[in-house]
Amino acid sequence: MKTYGGARPILAPSILAADFTCLGDQIQAVSGAGAPYLHIDVMDGIFVPSISFGMPLIGSIRKCTDMIFDVHLMIEEPWRHVDKFVECGADILTFHVESIRHPTHVQQTIEHIHHLGIRAGLAIKPATPMEILLPYLNELDQILVMTVEPGFGGQQYIDACTDKIRQTRSMLEEHGLSTDIQIDGGVTQDNIRIPVEAGASVIVAGSAVFRGDPAANVRTLVDAMNGNQR
Ligand code: DX5
Ligand code: ZN
């Protein structure tokens, strides 16, 4: 039985910044240091300029860990690939509201993900107003508020997005929902409290985890996230 979300914020290391020559070891390191989610960025070179990786890599690392696979789809027409991502081991599939033109398809994609027995999330870019999520609010397990432009790791946290996190939390509270709010991009040990205090419950960090010693970085980030001094 996997545990998602919860009272305390969760750290989700993003393997985009990992050393792929020893990916299995890096995953063991972040898992051993207590990170429950593994954030997996899938990019198609169309929705975003870069191409990252896809099902073969996910299927392969599925064999070496029980971590929750939190798959962030930065791809056009995500519905085409939902079955394959579930087959290769995704536990949460989050796609971008901007990647689908027709609102009915957004709804159908969420339903399809749920039908396959995993959690569904919707992501929004920094410039997209979060009101666009209103029609889907009741169906979502997770909302991903991007705190950088999607497409690359190692960018700087966009301060203006903090307000958006607050607004998303208020919007959810108004609807009596405790949906997870995930944030992604530019997190460091110095700024990690900012999104948490604004209401985020799942914090993605790529460079801040994998540059240097991943296990030590996870422990430092988790402490900082929970407001503990080291
Ligand atoms: C960016 C990706 C992020 C990225 C974050 O499009 O969605 O998950 O890996 O990297 P950092 O933490 O380095 O900003
Ligand atoms: Zn991501």
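Each residue takes its place number in the sequence, starting with 1. When a ligand or atom number is given, it counts from 1 through the structure's own listing order.
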Q: Report yes or no: does a heavy atom of A208 sit under 4.0 Å from some atom of ligand 1?
A: no
Q: Using a strict 4.0 Å cut-off to heavy atoms of H39, name the atoms of ligand 1 that fall inside it.
A: 8 (O)
Q: Examine the side chains of Y157 and T162 and answer whether a donor and an acceptor come within less than 3.5 Å of each other.
A: yes
Q. Less than 3.5 Å between some nitrogen or oxygen of V187 and one of ligand 1, yes or no?
A. no
Q. Among the N, O or S atoms that H72 has, which is closest to the Zn ion (ligand 2)?
A. ND1
Q. Evaluating non-hydrogen atoms only, which member of T147, I203, T188, D184 is closest to atom 3 (C) of ligand 1?
A. D184
**Q.** Heavy-atom nearest neighbour in the protein, as seen from atom 12 (O) of ligand 1, with distance rounded to 0.1 Å
**A.** G206 N, 2.7 Å
Q. Looking only at N/O atoms, are V204 and ligand 1 under 3.5 Å apart anywhere?
A. no
**Q.** N or O contact, D41 vs ligand 1, cut-off under 3.5 Å
**A.** yes
Q. Are L172 and L137 close enough that some pair of their side-chain heavy atoms sits under 4.5 Å apart?
A. yes
Q) Between S207 and ligand 1, which part of the residue brings a heavy atom under 4.0 Å of the ligand: side chain, backbone, both or neither? A) both
Q. For atom CD of E149, is the number of surrounding heavy atoms from other residues, nucleotides or ligands below 6.0 Å larger than 12?
A. yes
Q.
As an exercise, state the distance from NZ of K125 to CD1 of I158, rounded to the nearest 0.5 Å.
A. 11.5 Å
Q.
Just by distance, no angles: are the side chains of Q189 and T220 close enough, under 3.5 Å, to form a donor-acceptor pair?
A. no
Q | Donor-acceptor pair between D19 and T21 side chains, under 3.5 angstrom | A | yes
Q.
Could you identify the single nearest non-hydrogen protein atom to atom 14 (O) of ligand 1 and state the distance to 0.1 Å?
A. G186 N, 2.8 Å
Q: Starting from atom 1 (C) of ligand 1, locate the nearest protein heavy atom and write down its residue, its atom name and how far away it is, to 0.1 Å.
A: F152 O, 3.5 Å
Q.
Using a 4.5 Å cut-off between side-chain heavy atoms of Ile, Leu, Val, Met, Phe, Trp and Tyr, which other residues end up in the same hydrophobic cluster as M146?
A. L144, V148
Q. In terms of heavy-atom contacts, does CG of D163 have more than 12 from other residues, nucleotides or ligands at under 6.0 Å?
A. yes
**Q.** Enumerated ligand 1 atoms positioned under 4.0 Å from heavy atoms of G185
**A.** 14 (O)
Q. Of all the non-hydrogen atoms in the protein, which one sits nearest to atom 9 (O) of ligand 1, and at what distance?
A. S14 OG, 2.8 Å
Q: Could you check which of S50, A17, G154 puts a non-hydrogen atom nearest to atom 11 (P) of ligand 1?
A: G154
Q | Where ligand 1 meets M74 - atom numbers and elements under 4.0 angstrom, heavy-atom basis | A | 6 (O), 7 (O)
Q) How far is atom 6 (O) of ligand 1 from its nearest protein heavy atom, and which residue and atom name does that atom have? A) G151 N, 2.7 Å
Q) At the Zn ion (ligand 2), what is the angle formed between atom OD1 of D41 and atom OD2 of D184, rounded to the nearest 10°? A) 170°
Q) Any side-chain heavy atom of D91 within less than 4.5 Å of one from R62? A) yes
Q. Which of the atoms in ligand 1, numbered in the order shown and given with their element, are less than 4.0 Å from a heavy-atom of L16?
A. 9 (O)
Q.
With heavy-atom distances below 4.0 Å as the criterion, list the atoms of ligand 1 near G153.
A. 10 (O), 13 (O)
Would you list the atom pairs, donor with acceptor, under 3.5 Å between side chains in residues 69-79 and any protein atom, with sequence neighbours excluded?
unit_1	atom_1	unit_2	atom_2	d
D70	OD1	Q142	NE2	3.3
D70	OD2	H39	ND1	2.8
D70	OD2	Q182	NE2	2.6
H72	ND1	H39	NE2	3.4
H72	ND1	D41	OD1	3.1
H72	ND1	D184	OD2	3.1
H72	NE2	H96	NE2	3.0
E76	OE1	R101	NH2	3.4
E77	OE1	R80	NE	2.3
E77	OE1	R80	NH2	3.0

Q.
At less than 4.0 angstrom from any non-hydrogen atom of A205, what atoms of ligand 1 do you find?
A. 12 (O)
Q. Which of the atoms of ligand 1 are close to H72, meaning less than 4.0 Å from one of its heavy atoms?
A. 7 (O)
Q) Any donor-acceptor pair under 3.5 Å linking the side chain of R166 with the backbone of A198? A) no
Q | Side-chain heavy atoms of I51 within contact of M43, under 4.5 Å | A | no
